[in-house]
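Chain A is the first sequence line, chain B the second, and so forth, proteins listed ahead of strands; every chain is numbered from 1. Owing to the predicted nature of the structure, the values given are computational and were not obtained by experimental measurement.
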Protein chains: 2
Amino acid sequence: MVTIKDISKKSGFSTSTVSKALNGSSEIGEETSELIKKVANEMGYFPNAAARLLKTKQSNNIGVLFIDEMQSGLAHEYFSAVLNSVKDEAERLGYDMTFISRNIGRKPMSYYNHCKYRNCDGVVIACVDFNDPEVVELIQSEIPTVTIDHIFNDCTAIMSDNLKGASALVQHIYDMGHRKIAFIHGENTSVTQRRLSGFYSTCRKLGISVPNDYIKPARYHDPKSSGLATRELLNLKDPPSCIMYPDDFSFIGGMNEIEKHGLKIPDDISVAGYDGIYLSQVLRPQLCTFKQNTEALGKEAARNLIAAITDRKTFVPKQIWIEGELLAGKSVKKIDF
Amino acid sequence: MVTIKDISKKSGFSTSTVSKALNGSSEIGEETSELIKKVANEMGYFPNAAARLLKTKQSNNIGVLFIDEMQSGLAHEYFSAVLNSVKDEAERLGYDMTFISRNIGRKPMSYYNHCKYRNCDGVVIACVDFNDPEVVELIQSEIPTVTIDHIFNDCTAIMSDNLKGASALVQHIYDMGHRKIAFIHGENTSVTQRRLSGFYSTCRKLGISVPNDYIKPARYHDPKSSGLATRELLNLKDPPSCIMYPDDFSFIGGMNEIEKHGLKIPDDISVAGYDGIYLSQVLRPQLCTFKQNTEALGKEAARNLIAAITDRKTFVPKQIWIEGELLAGKSVKKIDF
DNA sequence: CCTCCGAACTAAAACGTTTTCGATACCTTA
DNA sequence: TAAGGTATCGAAAACGTTTTAGTTCGGAGG
């Protein structure tokens, strides 16, 4: 490994001069600076992150906390897309991304300690149990954090605007003439609450009454549970004319159930998903859904985290709402009511 | 930050003793060892990875090279599942995982240099352009690497056994009575070549003749292209009775096309996918597919990489074939021919 | 001519560990 | 009792970098 010392010897300048020259310090003469850079290049020099970090306390590395009890994890297209975007933007800004776990070197350690151990400059937290005391410890620590899709006190949070999303869906479905709209929702999380809230408020605004049995609990990313809920809805005395699903993927369960009942989408019943994943756009009929802007979510997460790191003193925590986009698709039929 | 020096002061032992005690060296007395550990705990000590690394040259960190020109990236369930498994096993063995990119600190650098800079102990390479000279440079460097689904000279490679997979599918389809089997395959990669080879050899073994126009090129993870290929197949004078797709997801394109032709799966035509992703198991009829063992793939990748790191001198590169599992599903109908 | 200043450079300390090589004291063994 | 062995501990160097606090020297200003 070629070090700064080697360059120092070869070029005749001291290590301090070499270091400064390579870092573009202004107190080094132009010619010597050029010379040193040339020598460094010739020798194939690259700095050692560990040594640099030891002095500067800047690792140029962000951690990501990304645990899912659901086992879906990286396989969940929404989160993997967000994560991918975080990674891309972080890279663009000169940061690497490391996964943070609970054990390292075979010894268990808390998330916070892990971050300290790896000297993460900051960490983005997503898809995680926000009640876990270890997560709370991390968020409340001195390490800059941003959370995704969850607001924790006054920490910086990047939020997909689920209220507007649910709202837009209801509005569109209403515009297509539907008045009997059912909503199968996911587990009780803040995301779900916002969607429900958007659903209810828009219904109220539009003067639609929502029977209690039009609201069914299910689980995200779980076609089986949404299939069951669908069955219950279809068996109602007065079934809905349109069903909204927790997400595009779990709609598949509904799709099967609807088919089993001998019904056709959208002629006999209309449906809508959520997320706007790739799948939703290749299904036929194309699924009506609300596309979350995963790219913007990830990008903003990375940007704000790095801003918080860089302007540590002046940065003020904020909540950023990322809006999505209604993809009308063909799964909601225009009807006269 | 509490350091070894602080513990040294508080406990009255030298830093060397503290270091040894904390690392469980046998040359430290039992009682002092206990005492030191207690003090360390009380003070909330955790080692600093950078400082440790600087001495030991062991980062306990592996890099992953994971670039996709296709934009699918982490969104591709197969790869994200493999990656997830790599991560889990690496964590279990005490390693962290960092993404390797081409630029760091806003300055471009080669993959190899990036790994050096971050002191990665090793790197797993997946879903990447293996013709990229920078990738070649990395593989041929002194840094231990394992590749996934690609054999590069005599480097360690973890391979999903695509030959057996394609073979098993053909065998099953044959057993169900089909003799007219079409294969829509993905881009020309080594994976595709193996599947084709498994397809052809099994057909030959079973005495099935395969017309040239039963073999259609398409792209992985791209329902549009496989939809087109499906249309061509259905319009043939003598269409196949069963179509094999590049992967489960791209089958969706075929599904739409088949429906558009007014055909029913599996009564009018049989189909099979590849991968065994979650989607394939929730579709109705359940898709006949070959499930790749993503968990084993990731686990073996992590294990072998770490073995190569640990037993640097004695480890001999090898190729490991991971077998999958046929999921018969319901999309291939039993017919009399 | 003296003083002062700034530009260009350097010596040395520091970051937090690990590790090598002793040092000390105690215990065996002949 | 003397020599040797062993168990336990410590001093100091080292890893590769950045940074602080100079040092030198030439020239400007009075």
Taken to the nearest whole Å, CZ/A:F13 to P/C:dC9 is 5 Å
note: A:D6, atom CG; D:dC15, atom P; distance rounded to Å ~ 11 Å
Under 4.0 angstrom, heavy atoms only, what part of the nucleic acid is A:T56 near: base, sugar-phosphate, or nothing?
sugar-phosphate
Picking from D:dT18, C:dT18, C:dC9, the nucleotide nearest the side-chain atoms of A:I28 would be C:dC9
- Message: If you compare every side-chain N and O of A:S14 against the phosphate oxygens of C:dC9 (OP1, OP2), does one of them come in below 4.0 Å?
- Response: no
Atom CD of A:E27 and atom P of C:dC5 are separated, to the nearest Å, by 19 Å
| message | Parallel, tilted or perpendicular: which one describes the rings of B:F130 and B:H150, with boundaries at 30° and 60°? | response | parallel
Only residue of A:L35, A:I28, A:V39, A:I7 satisfying side-chain contact (heavy atoms from CB on, under 4.5 Å) with A:F13 is A:L35
*Can you find an N or O donor on one side and an acceptor on the other, under 3.5 Å apart, linking the side chain of B:S16 with the base of D:dA11?*
yes
Should we say atom NZ of A:K10 is surrounded by more than 12 heavy atoms from elsewhere, each under 6.0 Å from it? no
Side-chain contact check for B:T15: nearest option of D:dA12, D:dT18, C:dC15 is D:dA12
* Does a side-chain N or O from B:N23 land closer than 4.0 Å to OP1 or OP2 of C:dT18, or not? -> yes
Rounded to the nearest 0.5 angstrom, the CG-CD1 distance for A:N162 and A:I322 is 12.0 Å
To the nearest angstrom, the CD-P distance between B:Q58 and C:dT18 comes to 12 Å
Closest of D:dT19, C:dT10, C:dT18 to the B:K55 side chain is C:dT18
I'd like to know if A:K57 reaches the base of D:dT18 with its side chain such that a donor and an acceptor end up less than 3.5 angstrom apart.
no
Comparing nearest nucleotides in DNA chain D, the 5'-proximal residue of the pair B:T17, B:A51 is B:T17
Atom CD1 of B:I7 and atom C1' of C:dG16 are separated, to the nearest Å, by 11 Å
In whole angstroms, the gap separating P of C:dC15 from CG of B:L53 amounts to 18 Å
B:I4 atom CD1 is separated from C:dG16 atom P, nearest whole Å, by 11 Å
Residue pair A:K20/A:T3 against DNA chain D: nearer the 5' end by closest nucleotide is A:T3
Side-chain contact check for B:T32: nearest option of C:dT18, D:dT18, D:dC9 is D:dC9
In whole angstroms, the gap separating P of C:dC15 from CZ of A:R52 amounts to 19 Å
Residues, nucleotides or ligands: over 12 heavy atoms within 6.0 Å of B:E30 CD: no
Can you check whether A:Y117 has a side-chain N or O nearer than 4.0 Å to OP1 or OP2 of C:dG16?
no
